[in-house]
Amino acid sequence: MSRRFGEIFHYGYVVPKLEEAMDYWINAMGVGPWFVETHDIPKGFIYRGKPVRTYCRVALAFSGPSYLELIEDTSPDETVNQTFLKDFPGGEIHVGG
């Protein structure tokens, strides 16, 4: 537990394929239902010195007091999420907050 912010309740995972990740969480972990949204992040982000536009699909679910988010990056530009998944196949970015 964080002494400053309290318990962590939100977990985010960047995944290569949203449907496969949801299927895993439903069947292996018993978490669902999932609600899917599409996001178009506004312009203004720079990655490796170039402007990027970020598009992603997100699946959201609760498990007890925890809020889970699965993020699939569908951007045409190279983003930090795509670079991580390319450099670490089978890996995920985990963000809790």
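Predicted model, so just to flag it, every value in this text is computed and none were measured.
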All pairs passing salt bridge (Lys or Arg N to Asp or Glu O under 4.0 Å) where residues 58-68 contributes a residue, at least two apart: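 Residue pairs passing salt bridge (Lys or Arg N to Asp or Glu O under 4.0 Å), neighbours aside: none found.
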According to salt bridge (Lys or Arg N to Asp or Glu O under 4.0 Å), does anything in residues 53-67 pair up with another residue at least two apart or in another chain? List the pairs.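 Matches after skipping sequence neighbours: Glu19-Arg57, Asp40-Arg53, Arg57-Glu72.
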Val52 side chain near Glu78 side chain, heavy-atom distance below 4.5 Å: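 Val52 does not reach Glu78 side chain to side chain.
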Does some side-chain heavy atom of Phe84 sit less than 4.5 Å from a side-chain heavy atom of Val14?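 When only atoms from C-beta onward are counted, Phe84 and Val14 do not touch, as no gap falls below 4.5 Å.
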side-chain contact (heavy atoms from CB on, under 4.5 Å) partners of Glu69, counting only residues at least two apart: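 Only His10, Val58, Leu60, Ile71 meet the side-chain contact (heavy atoms from CB on, under 4.5 Å) criterion with Glu69.
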Residues two or more places apart in sequence or in another chain: which of them pass side-chain contact (heavy atoms from CB on, under 4.5 Å) with Ala61?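 Val31, Trp34.
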Can you name the closest pair of heavy atoms from Asp23 and Asn27 and give their distance?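 Nearest heavy atoms, Asp23 then Asn27: OD1-ND2, 2.6 Å.
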Minimum heavy-atom separation for Asp77 to Pro51, with atom names?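 Where Asp77 meets Pro51 most closely, the heavy atoms are OD2-O, 4.3 Å.
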Would you mind listing every ring-ring contact (aromatic ring centres under 6.0 Å, His included) that reaches into residues 35-62, with sequence neighbours excluded?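 Counting only pairs at least two positions apart or across chains, the ring-ring contact (aromatic ring centres under 6.0 Å, His included) contacts touching residues 35-62 are Phe62-Tyr67.
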Applying the side-chain contact (heavy atoms from CB on, under 4.5 Å) criterion to Asn81, which one of Leu85, Thr79, Thr83 satisfies it?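 Filter result, single survivor: Thr79.
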To the nearest 0.5 angstrom, please state how far the OH atom of Tyr13 sits from the CH2 atom of Trp25.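 Output value for this atom pair is 4.0 Å.
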Residues that Ser75 engages under side-chain hydrogen bond (donor to acceptor under 3.5 Å, both in side chains), provided they are two or more places apart: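 side-chain hydrogen bond (donor to acceptor under 3.5 Å, both in side chains) check on Ser75 returns Asp73.
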